[in-house]
Amino acid sequence: FSFADMTFLNPLLLWGLAAVSIPILIHIFNLKRTKKIEFSTLMFLKEIQQSKYKKIKLKQLLILLCRIAFIIFLVMMFAKPFDSGFLGTPGEKAKSSVLIILDDSFSMQSRDKSGNDFESGKKKVTEIIDALGTNDELFFTTVSGLNAARSTVPYKEFSLIKDTLSQLKTSEVTRDINEVLYYAESILNSASNTHKEIYLVTDGQLSFLRKDLIPQSGFKGKDNLHFSVILTGSRDANNISLETVNVVSKIFEKARPVKIKAKLNNHNNFNSVNKSVIISYGNHKEEKVLDIPANTTVETEFMIKPEAAGFSSGSIELVQNDIADDEISGDNRQYFSFYIPEKVNVLLASGSPLDAEYVKLVLTTSAQISASTEISTLFNIREINASDISGENLGSYNSVVIINKPSFSAGEVNKLKEYIDAGGGAVIYPGALSDISNYNNTLMKELDLPYIGGKYYSETPVKFEKIDYDHPVFEGIFRRESDKNNAGIESPELISGFSLSGGKNALSIVTLTNGTNFMEEYSRGKGKLIMFASAPDMSAGNFPVKNLFSPVTIRSILYTSNINGIRPAIAGKDYYAELNRYEMKSDTLLISSAGENVPEFIVTNEQTQLLNLGSTLNNTGIYSVINSGRDILRVPVNFNAVESQTGRMKPGDIEILFNDTYALNANVVSPEEVLTAAVIDLRTGKDLWQYFLILAVIFLIIEYLLSRSIMRNK
């Protein structure tokens, strides 16, 4: 035992040493106090022996020292002293609350000469468990299971963890070190022992041990915390990943092609050839073979044709046909989902019924334009006068079409603004009755959109000069490249309209030969707005009778409808569903997946607007959100792409990271070090509090005996 190696588990209690001032002050006060004795004659005064007085003073001083020593040793006892390493001298162990965290992210599929990182991690967990004392409190969890209720309950039998280890597999759930420390602190807050230990068994992946994070946790009890990072490997794995899968199409109709784009990343320093990529969609399968140069990303596209309305889903897989260049399989499959509308609810608001005549005709005869629809079945149309917009619940419509409205009130604009911000869409045709000054000062100003220019009249009709053929409205309208080149022939002849010249939040779709835009898209909040330069009537030009008019009208409405809006989820991350977007027939949701054996029920209420489904989305795949027996949402859940980056952090850099960012003195054990020698031998030791208790009692007894001695001699 050496005082140089001694430290305290509860160092804050050492402030109690200030209590030693109490007996000192009492002693000083007693020295100054005099006792007045009245006597009438000197004959009663006895001679005081000088030697006896000195003995009393010495005993009083010893009593003072005993009281000081008693307080010192009592306070140090409660501060829980221990010696040697972090748990005392070899041979004995102080009680400790131990948390072992095993990284089970799929990057742990990497391998080196000692084998698979994940299996190596399991063995290291077993070594740590074998070194623990029977009095230790043990918590065990994987990184993916940190937020599970089971992680907060200590194991009564350590052997149960070993049984659990044999069943564990890598997970698609990925967390960064910030999240791990946050949950770790939460788990140890309920621990019963003052001293705490964390063993993080990981591959040391750079994307896991990120340097750019702002700490969420400062570990309030870090003075009593011993933190170790146990590395499982050092070699960067060879890997090719399916980085993203995106549904590129923005307009969805039955029997119309939907474009799916996949992005593949070769993380290796050598080229990979003949890599097979397969899309699975219902009974449809299609394969493409790609070459991917070293350290580059390539893209490929698939076209599928949904035959029925409703939710559709599928997956794209990178076939792991050669483990030499693709060791990690966890990032080789991603899922997608989209929705084909059975009905599109449209509010058609116009200055007069004649203003909406051509648009209404197109929508009610859509089968002649789109082979995917039957007459009057795709669009549910409600036609109103433009002055009655304020009385409508815009949230019940997928798109609002406004034609030749004279002016907007502040209330109408606020209602339209809320609707678009929430994800609604609008198509606006200003016309002969429209007060552009009102449009600019009320509508465009409030929506923070570029102002509309003045009206133009042209004796020589203007035509389309440039069309953005990549815009979803025009994508697929011209089936051959020659049709695009001859688009000018299909152009309407326009004799009047308003000058749209682009600006903030504006995208030009069609430009005219007079330098202004005929058609612009504005983005705001979660929604979209398309503005045309003139009303769809013959007074402004012959656009309504041109072949382009019907598909452009239908696709503009479908594009702004934003019916699809399915966001992919990341396994284990928050995912909020906007319930007000769906027709809820009960307050119970059923969350299920083809890969999940037990569906999960969630009870909501009328006030629930955003519902976090993240806790149920812990595996990749397609999850259905079911209300009253029908799907209201189908969520594709994919892995976090950062997990595919196989670079590792060096042990020295890990120590610096924890010291600088989290003020934690991390003991980092490299894969080649012997775990027992590097970590476990350090934790064996001896509690010293009982010795300080004995010393405190001894000095208390001495003080008592000295006090009795003084009293007898008085």
Side-chain angles (χ1 to χ4, degrees), residues 85-86 99-118 120-121 123-125 127-128 142-144 146 170 173-185 196-219 222-223 225-239 241 265 267-269 295 327-328 331 640-680 682-683:
F86 67 93
L99 170 60
I100 302 175
I101 304 172
L102 175 61
D103 185 353
D104 61 341
S105 59
F106 60 73
S107 67
M108 293 282 284
Q109 294 173 339
S110 303
R111 60 186 65 244
D112 56 19
K113 60 183 179 181
S114 61
N116 180 286
D117 270 18
F118 191 56
S120 297
K123 293 177 183 177
K124 293 182 183 295
V125 170
E127 288 183 57
I128 297 170
T142 58
V143 167
S144 66
L146 273 166
T170 56
V173 175
T174 302
R175 305 189 194 280
D176 56 48
I177 190 60
N178 230 1
E179 294 177 274
V180 170
L181 292 180
Y182 173 81
Y183 285 116
E185 183 175 22
K196 300 173 175 63
E197 303 170 53
I198 296 177
Y199 294 92
L200 175 59
V201 183
T202 179
D203 57 1
Q205 190 180 17
L206 280 165
S207 60
F208 172 55
L209 302 172
R210 291 172 54 188
K211 296 181 180 180
D212 60 332
L213 295 174
I214 299 174
Q216 298 176 357
S217 168
F219 260 99
K222 64 186 176 186
D223 291 336
L225 174 69
H226 183 81
F227 184 72
S228 292
V229 179
I230 316 299
L231 298 177
T232 58
S234 56
R235 172 183 165 273
D236 293 348
N238 295 330
N239 189 37
S241 66
N265 197 333
H267 303 273
N268 303 319
N269 294 321
N295 297 307
E327 299 172 38
I328 299 174
D331 55 8
N640 193 333
V642 300
E643 192 65 23
S644 301
Q645 302 166 12
T646 57
R648 307 186 193 230
M649 187 177 285
K650 296 179 180 178
D653 293 333
I654 295 175
E655 292 178 357
I656 294 172
L657 168 69
F658 285 106
N659 187 60
D660 292 351
T661 305
Y662 300 97
L664 288 173
N665 185 19
N667 176 38
V668 181
V669 183
S670 59
E672 57 273 10
E673 291 184 72
V674 178
L675 183 59
T676 303
V679 174
I680 298 173
L682 295 176
R683 77 177 304 274

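All of these numbers come straight from a predicted model, not from anything done at the bench.
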Can you see which heavy atom on Ser107 is nearest to which on Asp203, and at what distance? OG-OD2, 2.7 Å
Ignoring hydrogens, what is the shortest heavy-atom contact between Val173 and Ser144? Give both atom names and the distance. CB-CB, 3.7 Å
Taking only residues two or more places apart in sequence or in another chain, which ones pass side chain to side chain donor-acceptor pair (under 3.5 Å) with [X]?
| X | result |
| --- | --- |
| Thr170 | Gln109 |
| Asn295 | Asn269 |
| Asn659 | none |
| Gln645 | none |

So, are Glu643 and Arg175 salt-bridged, with charged N and O less than 4.0 Å apart? no
Using a strict 4.0 Å threshold on nitrogen-to-oxygen distance, state whether Arg648 and Asp117 make a salt bridge. yes
Under a 4.5 Å cut-off applied to non-hydrogen side-chain atoms, are [X] and [Y] in contact?
| X | Y | answer |
| --- | --- | --- |
| Ile101 | Val143 | yes |
| Met649 | Leu657 | yes |
| Val669 | Glu672 | no |

Which pairs, with at least one residue in residues 100-109 and sequence neighbours excluded, count as a salt bridge (Lys or Arg N to Asp or Glu O under 4.0 Å)? none
Walk me through whether Tyr199 and Asn667 qualify under side-chain hydrogen bond (donor to acceptor under 3.5 Å, both in side chains). CA-CA 9 Å; Tyr199 294 92; Asn667 176 38; over 6 Å; no
Going from [atom1] on [X] to [atom2] on [Y], what distance comes out if it is rounded to the nearest 0.5 angstrom?
| X | Y | atom1 | atom2 | value |
| --- | --- | --- | --- | --- |
| Lys650 | Ile654 | NZ | CD1 | 11.5 Å |
| Asp112 | Ser234 | CG | OG | 6.0 Å |
| Lys123 | Ile128 | NZ | CD1 | 14.5 Å |
| Phe106 | Ser241 | CZ | OG | 8.0 Å |
| Ser120 | Ile230 | OG | CD1 | 13.0 Å |
| Arg210 | Ile177 | CZ | CD1 | 11.5 Å |

Have [X] and [Y] got a donor and an acceptor in their side chains that come within less than 3.5 Å?
| X | Y | answer |
| --- | --- | --- |
| Asp176 | Tyr182 | no |
| Thr646 | Asp236 | no |
| His267 | Ser644 | no |

Output, in order, the C-alpha distance, side-chain angles, deciding distance and verdict of side-chain contact (heavy atoms from CB on, under 4.5 Å) for Leu99 and Phe227. CA-CA 10 Å; Leu99 170 60; Phe227 184 72; over 6 Å; no
Under the side-chain contact (heavy atoms from CB on, under 4.5 Å) rule, what do Leu231 and Val668 come out as? Steps first, then yes or no, please. CA-CA 7 Å; Leu231 298 177; Val668 181; 4.0 Å; yes
Kindly indicate, with the supporting measurements, whether the criterion side-chain contact (heavy atoms from CB on, under 4.5 Å) is fulfilled by Thr202 and Val229. CA-CA 7 Å; Thr202 179; Val229 179; 3.9 Å; yes
Could you check whether any side-chain N or O of Glu673 sits under 3.5 Å from a backbone N or O of Ser670, counting only pairs where one atom can act as donor and the other as acceptor? yes
Give a yes or no on this: more than 12 heavy atoms of other residues, nucleotides or ligands lie within 6.0 Å of atom CG of Asn665. no
Check against side-chain hydrogen bond (donor to acceptor under 3.5 Å, both in side chains), Asn239 and Asn268: CA-CA 6 Å; Asn239 189 37; Asn268 303 319; over 6 Å; no
Please lay out, stage by stage, how Ile328 and Ser110 fare under the test side-chain contact (heavy atoms from CB on, under 4.5 Å). CA-CA 6 Å; Ile328 299 174; Ser110 303; 3.9 Å; yes
Sequence neighbours left out, what passes ring-ring contact (aromatic ring centres under 6.0 Å, His included) with Phe208? Give chain and number order. none
CA sep, side-chain torsions, deciding dist, call: Glu185, Lys196, salt bridge (Lys or Arg N to Asp or Glu O under 4.0 Å): CA-CA 10 Å; Glu185 183 175 22; Lys196 300 173 175 63; over 6 Å; no
